[in-house]
Amino acid sequence: MSDHSSLQTILASNIDADLKKIAEKVVAGERITFDEGVLLYEKAELGYLGTLANFVKEKKSGDKVYFNRNFHIEPTNVCVYTCAFCAYSRLIKQREEGWEMSIEQMMDIVKKYDGKEVTEVHITGGVVPKQDYAFYQELFRNIKAHRPDLHVKALTPVEYHYIFKKAKVTYEEGMKTMRAAGLDSMPGGGAEIFHPEIRDEIAGGKCTADEWLAIHEVWHNMGMHSNATMLYGHIEKFWHRVDHLERLRQLQDKTKGFNCFIPLKFRNGNNQMSHVAEVSVIEDLRNYAISRIYLDNFNHIKAYWAMIGRSTAQLSLNFGVDDIDGTIDDTTKIYSMAGAEEQTPKLSTQQLVELIKQTGHRPIERSTLYDAVKDYSEVEFETV
Ligand code: V47
Ligand code: SF4
């Protein structure tokens, strides 16, 4: 709940003049600048950030916290790229540990959810030549033919850039074709850190920041929506994070097509960057809060519980976050392979609702596009 007395305390206190000015701007609904974003990362302490981020969050979504009922499909964990942070990338050299699913295998996963109240399938994984333009069109068509109401949130610009280049089609033509085949929205992956100083180091070879942004822009210009992420807490400096947020804020000003922003904490298990220490929970919370404050044109900030863990996801709800993703049903391996504490990510609707209620917020089941599906604030589950 909003603690307006903390806000008044900040405004009346003797804190650093620059931080006070930022607080005044945020309270007045004004946008903060690049330099002010960097200053927040460098100087602002947790209590101050939580108070301001909570203020912004409550103006946007009150005491609501969203979740959805979803499952993932990871078509392959083999990849032509070798991003240094990725626990998948080494597998191209060790194919016996890898999988490449056929369309039938993926349809078998979809069919497992027949009769179950899921609303979204999230599809993303590695990049392999066989899973190409025709392959994904056929997959999307088959999913829609089997279950037209299931929202297909699939593939990132990393995959689309590769697939379209190979098929020799433009981004416009490619995205139109994917839409016609059944694509409903794009997840936020592949963004990593946009600035080339860092991107070239950790994710060299895959689509550039401009290409990532261009594919989202094309998609948004078709009236469609997508998410955005940032992989933080490794070798980047604070200003690289602000540069990343700034590029997203600029595109969102143009298109208004992003649904939500999802900060993704770097996990150091089983990858080429295992020597890089992970940042603290305090830094995770500061990062959620600064993202909420900086991205004034994004409606939602998501804490992906499968990656950050349930307790930090709960804490994040007082630092600007208003979404904790979905039920997942143990269908993703990206984070468990990189050492996240949630080794079998799966939460029932009841568990998600209770996690949210424990923090004093109102749990709302949403569709992918944030239409309310059900308000769970008054729902009492039967104890088993
Ligand atoms: O692009 C990979 C990240 C992303 C690691 O849109 C890692 O609703 C941390 O984008 N440590 C894919 N992060 C996941 C993703 C996502 C997740 C949940 C919801 C949505 C959404 C999108 O995972 C990759 C990369 O940035 N990632 N390895 C790692 N070791
Ligand atoms: Fe491939 Fe994605 Fe892993 Fe990079 S992060 S190696 S593109 S699966």
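Both counts, for ligands and for their atoms, begin at 1 and track the order of listing.
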For [X], take its heavy atoms, then give the atoms of ligand 1 lying under 4.0 Å from any of them.
{"X": "Phe266", "value": "9 (C), 11 (N)"}
{"X": "Gly190", "value": "1 (O)"}
{"X": "Thr229", "value": "10 (O)"}

Which bit of [X] is near ligand 1, meaning a heavy atom under 4.0 Å away: side chain, backbone, both or neither?
{"X": "Asn268", "value": "neither"}
{"X": "Phe85", "value": "both"}
{"X": "Thr124", "value": "neither"}
{"X": "Lys302", "value": "side chain"}

At less than 4.0 angstrom from any non-hydrogen atom of [X], what atoms of ligand 2 do you find?
{"X": "Lys206", "result": "4 (Fe), 5 (S), 7 (S)"}
{"X": "Gly126", "result": "8 (S)"}
{"X": "Cys79", "result": "1 (Fe), 6 (S), 7 (S), 8 (S)"}
{"X": "Phe85", "result": "5 (S)"}

Fill in: His122 near ligand 1 by a heavy-atom separation under 4.0 Å
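Yes; His122 lies near enough to ligand 1 that a heavy-atom distance drops under 4.0 Å.
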Practice prompt. Determine, using heavy atoms of Lys265 and all atoms of ligand 1, whether some pair is separated by less than 4.0 Å.
Written response: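 Yes, Lys265 has a heavy atom closer than 4.0 Å to ligand 1.
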Determine the interplanar angle of the [X] and [Y] rings, folded into 0 to 90°, and report it as parallel if under 30°, tilted if 30 to 60°, perpendicular if over 60°.
{"X": "Tyr136", "Y": "Phe140", "value": "tilted"}
{"X": "Tyr370", "Y": "Tyr66", "value": "perpendicular"}
{"X": "Tyr376", "Y": "Phe67", "value": "tilted"}
{"X": "His72", "Y": "His122", "value": "parallel"}
{"X": "Tyr133", "Y": "Phe164", "value": "perpendicular"}
{"X": "Phe261", "Y": "Phe298", "value": "perpendicular"}

Worksheet item: Are any of the N or O atoms of Gly189 closer than 3.5 Å to those of ligand 1?
Response: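 So ligand 1 has an N or O lying under 3.5 Å from an N or O of Gly189.
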Worksheet item: Can you check whether Asn268's main-chain N or O pairs, donor with acceptor, with Glu278's side chain at less than 3.5 Å?
Response: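 Yes; judged by distance alone, with no hydrogens or angles, the pair exists.
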Discussion item. Quick check on atom 4 (Fe) of ligand 2: does Cys83 put an N/O/S atom closer than 2.8 Å to it?
Written reply: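 So Cys83 counts as coordinating atom 4 (Fe) of ligand 2, yes.
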Discussion item. Counting the benzene-type ring for Trp, do Phe266 and Phe85 have ring centres under 6.0 Å apart?
Written reply: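 Centroid distance Phe266-Phe85: not below 6.0 Å, so no.
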Discussion item. Between His240 and Tyr232, is the ring centroid distance below 6.0 Å?
Written reply: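 Centroid distance His240-Tyr232: not below 6.0 Å, so no.
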